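What follows is a set of notes on a single structure, which appears directly below.
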Amino acid sequence: MNLKSNEPFWLMKNGIITSYNSLHEDKTCDVLVVGGGITGSLAAFQSIKDGYSTLLIDKREIANGSSSATTSMLQYEIDTPLHKLTGMIGEKGAAASYHACSEAIDQLGRIAVEVKSKAGFKKKKSLYFAAFKKDVPGLEKEFQARKKAGFDVKWLTEKQIASRYGIQKTFGGILSAQGASADAFRLVHEILDFCAKKGLEVYDKTELTQVVHKKRSNEVILSTGAKIKAKKVVYCVGYESAVMIPEKFVDLISTYAVASEVSPELSRKYKDILIWNTADPYLYMRTTDDGRMLVGGEDEEFRDPQKRDALVGKKEIKLLKAFGKYIPSERFYPDFGWAGTFGETQDGLPYIGTHKKFPNSYFVLGFGGNGITFSVTGMSMMSDWLKGKEHPLSQWFRFGR
C-alpha cells in the first residue's frame, strides 16, 4: 500500500540521510522490529536500551512511509475529546490515555536530546479553537474536563485569540501549555543511527513475506530469500496492519498538507504555537524548523493512492483559502503540497498489544493525530511486556476492546 504522495515536504527537505542495505543472509535475534518509521525506530531504541539483540527491517527505504508525510504535530489531545472519551471508556481510562500522550511529548524531547537530534524538536503551546458558534458548548465542556484531569489549560475568548495570535473568525478556544513539533523523518534517521552504533542492525528494501510461528520463537521469511529467527516480533507497520489483521479495526483516511515558502516573519510570529480547530475535518497549522508555515486538513475517506494524490491541487486551494479566512493579515506563498494516509479508530485510541493470530508478537499501531505520541507510549508498553510485566494502558489499547 502506498501511504504518501510523490513529494512530501520532509523527504524533499532532507533528501537521503542514511542508506541501508537489504538483508541476504540468515539472522537470529531477540527482537525483530518490522517497520522503519518513527514507531519502529522508537521500538528499536527501547529494545536496544533494554539489552536485547535487535534487528529492524522495512520493505521501503527507511522513513519513506507515513513518517515522510506526517505533519509531526505532537499533541496530548487525542482525536476524541476527553469528555467524549470519558463517556466511552470511563474517566480513569480516558484521563490515563491523555496523560500518557502528554508524558510522551516530554519523553520524546529527552530522546531527541540523547541522540543529539537536529530534527527541530520544540516545545509549543496548543490552541484548539471553535470553528463555529455551535461548537462552543462542547468546547467549554472539554475545557472543564481537561481542567479536572489536571492539565494546564486556559480559556481564551474570541477577542483574546485575535489580539494574541491575529486569528480571526473564532468563537473562543482552549490554550494548552503542552505540545511540540519536530521533523519526524530526520528524527527517525537520527534514532536509528544512534541505535546502530549500539548494536542495532537495520535493513531496508527487505520485506517480510511469511512467518512460521513456533513455540518460543518465530521464523520470518524475507523477500530476499533470507530468514530471521526471532524470539519476539514487534509489528510497527501502521496502517498496513489493515491488510494483515482479518477483522476490521481501523478506517483509512486521506489527509492533505501544504508548506509555505520560507517566511521568517510569519514563522517567528507562530513558532511557539500549534493551531487547530473543531471543524470536521479539522484544520491545523504549525511552523517548521526552517521557517515555513505548514497547513493541513481536508481529510476524506481513503480510496486509492492515485485518486488521493490527484486531489492534492484542489485540496491545496482549499487549505490556502482556510488560512486566509483565519489569518487574513498574512500572506501564504505555497511551496510544497502533498497527501498522506492515516488510520482512524472508533474511540481515537491506538491498538497496542498482542493479537491471537500472531504468537510471540506485539503490535504497536499509533493511529490518528497522535500517532507519534502513541508510539512513544507503545515503546514503554513493549518494554514492560518483554520483561513479563503488565502495563496499565493495555486494557484500553488492546485488540477486541
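The model shown is predicted, which means the values in this text are computed figures rather than measured ones.
- Checked against the 6.0 Å centroid criterion, the rings of His99 and Phe151 qualify as a close aromatic pair.
- More than 12 heavy atoms of other residues, nucleotides or ligands shown are found within 6.0 angstrom of CD on Glu140.
- Counting heavy-atom neighbours within 6.0 Å of Lys122 NZ, excluding the residue itself, gives a total above 12.
- Once rounded to the nearest 0.5 Å, the distance linking CG of Asp335 with CE of Met293 reads 14.5 Å.
- Both tests do not hold together for Lys49 against Phe45: distance to the six-membered ring centre under 6.0 Å, angle to the ring axis within 45°.
- Thr255 and Tyr284 are linked by a side-chain donor-acceptor pair at a separation below 3.5 angstrom, with hydrogens and angles left out of the test.
- Qualifying ring pair (Phe, Tyr, Trp, His ring centres under 6.0 Å) partners for Tyr235, counting only residues two or more places apart in sequence or in other chains: Phe358, Phe363.
- Under the 3.5 Å distance criterion, the side-chain polar atoms of Arg292 are matched with a main-chain donor or acceptor of Ser260.
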With side-chain contact (heavy atoms from CB on, under 4.5 Å) as the test, would you mind laying out the steps for Phe397 and Thr377 before giving the verdict? CA-CA 11 Å; Phe397 293 177; Thr377 301; 4.2 Å; yes
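- No donor-acceptor pair closer than 3.5 Å links the side chain of Asn360 to the backbone N or O of Asn218.
- Under the 3.5 Å distance criterion, with hydrogens and angles disregarded, a donor-acceptor pair is assigned to the side chains of Ser176 and Tyr76.
- A salt bridge is absent between Glu207 and Arg60: the closest approach of a Lys/Arg side-chain nitrogen to an acidic carboxylate oxygen does not fall below 4.0 angstrom.
- Atom OG1 of residue Thr287 and atom CD1 of residue Ile275 lie 9.0 Å apart, to the nearest 0.5 angstrom.
- Side-chain atoms of Glu142 come within 3.5 Å of backbone N or O of His83 as a donor-acceptor pair.
- Here the side chain of Thr278 pairs a donor or acceptor atom with the backbone of Ala131 at under 3.5 angstrom.
- Side-chain contact check for Thr80 and Asp347: no donor-acceptor pair (N or O, by modelled atom type) lies under 3.5 Å.
- Proximity of His213 to Glu219: side-chain heavy atoms (C-beta onward) are nowhere separated by under 4.5 Å.
- Asp272 and Lys125 are not joined by a salt bridge, as no carboxylate oxygen comes within less than 4.0 angstrom of a charged side-chain nitrogen.
- A salt bridge is defined here as a Lys NZ or Arg NE, NH1 or NH2 lying under 4.0 Å from an Asp or Glu carboxylate O, and Asp193 with Lys197 meets this definition.
- Listed for the Ser361 side chain is a donor-acceptor partner under 3.5 Å among the backbone atoms of Pro359.
- Within a 6.0 Å radius of NZ in Lys229, no more than 12 heavy atoms belonging to other residues, nucleotides or ligands are found.
- More than 12 heavy atoms of other residues, nucleotides or ligands lie within 6.0 Å of NZ in Lys123, so this atom counts as buried by the packing criterion.
- Tested against Phe129 for a ring pair (Phe, Tyr, Trp, His ring centres under 6.0 Å), the candidates Phe143, Trp155, Tyr326 yield a single pass: Tyr326.
- Ser267 OG to Lys269 NZ: the interatomic distance, rounded to the nearest 0.5 Å, is 12.5 Å.
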Criterion side-chain hydrogen bond (donor to acceptor under 3.5 Å, both in side chains) on Ser126 and Glu77, from CA distance to verdict: CA-CA 9 Å; Ser126 176; Glu77 298 109 320; 3.3 Å; yes
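- For NZ of Lys387, the number of neighbouring non-hydrogen atoms (other residues, nucleotides, ligands) closer than 6.0 Å is greater than 12.
- Ile191 has its side chain within reach of Ile111: a pair of non-hydrogen atoms, C-beta onward, lies under 4.5 Å apart.
- Counting only distance, with no hydrogens or angles, the side chain of Trp10 and the backbone of Thr70 share a donor-acceptor pair below 3.5 Å.
- Annotation: the span from Ser68 atom OG to Asp183 atom CG amounts to 10.5 Å, rounded to 0.5 Å.
- Between Lys13 and Asp289, at least one side-chain nitrogen of the basic residue sits less than 4.0 Å from a carboxylate oxygen of the acidic one, meeting the salt-bridge criterion.
- The closest side-chain heavy-atom distance from Leu365 to Val250 is not below 4.5 Å.
- No more than 12 heavy-atom neighbours from other residues, nucleotides or ligands sit within 6.0 angstrom of NZ on Lys84.
- Aromatic rings from Phe132 and Phe171 are positioned such that their centres are separated by 6.0 Å or more.
- At distances below 3.5 Å, at least one donor-acceptor pair connects side-chain atoms of Arg401 with backbone N or O atoms of Arg398.
- Remark: aromatic rings of Phe249 and Tyr351 are close, center separation under 6.0 Å.
- Nearest heavy atoms, Arg186 versus Asn14: NE-OD1, 3.0 Å.
- No donor-acceptor distance shorter than 3.5 angstrom exists from the side chain of Gln107 to the backbone of Ala104, with no hydrogens or angles considered.
- A heavy-atom distance below 4.5 Å is found between the side chains of Leu32 and Val34.
- Judged by distance alone, the side chains of Lys124 and Ser181 do bring a donor and an acceptor atom under 3.5 Å apart.
- Residue Glu247 places its CD atom among more than 12 non-hydrogen atoms of other residues, nucleotides or ligands, all under 6.0 Å distant.
- Residues Trp385 and Tyr362 place their aromatic rings such that the two centres sit under 6.0 Å apart.
- Note on Glu114 versus Arg110: no salt bridge recorded, every NZ/NE/NH1/NH2 to OD/OE distance being 4.0 Å or above.
- Using bins of under 30°, 30° to 60° and over 60° for the plane-to-plane angle, the ring pair Trp276/Tyr282 lands in the perpendicular bin.
- For Ser22 and His24, the side-chain atoms include at least one donor-acceptor pair closer than 3.5 Å.
- Taking all atoms of both residues into account, the shortest heavy-atom contact from Leu74 to Ile105 is O-CD1, 3.5 Å.
- Looking at Asp304, its side chain does come within 3.5 Å of a backbone N or O of Gln306 through a donor-acceptor pair.
- Note: Ser19 OG to Glu61 CD = 6.5 Å, rounded to the nearest 0.5 Å.
- For Glu316 and Lys321, the salt-bridge test fails: no basic side-chain N is under 4.0 Å from an acidic carboxylate O.
- Salt-bridge annotation for Lys227 and Asp26: absent, with no side-chain N of the basic residue lying under 4.0 Å from a carboxylate O of the acidic one.
- With hydrogens and angles ignored, the 3.5 Å screen pairs a side-chain donor or acceptor of Thr86 with a backbone N or O of Leu82.
- Aromatic pair Tyr239/Phe367: ring centres closer than 6.0 Å.
- You'll find the side chain of Gln346 stays beyond 4.5 Å of the side chain of Asp251, heavy atoms only.
- In summary, Glu300 and Lys315 engage in a salt bridge, as defined by a charged side-chain N under 4.0 Å from a carboxylate O.
- To the nearest 0.5 angstrom, Asp58 atom CG is 11.0 Å from Leu208 atom CG.
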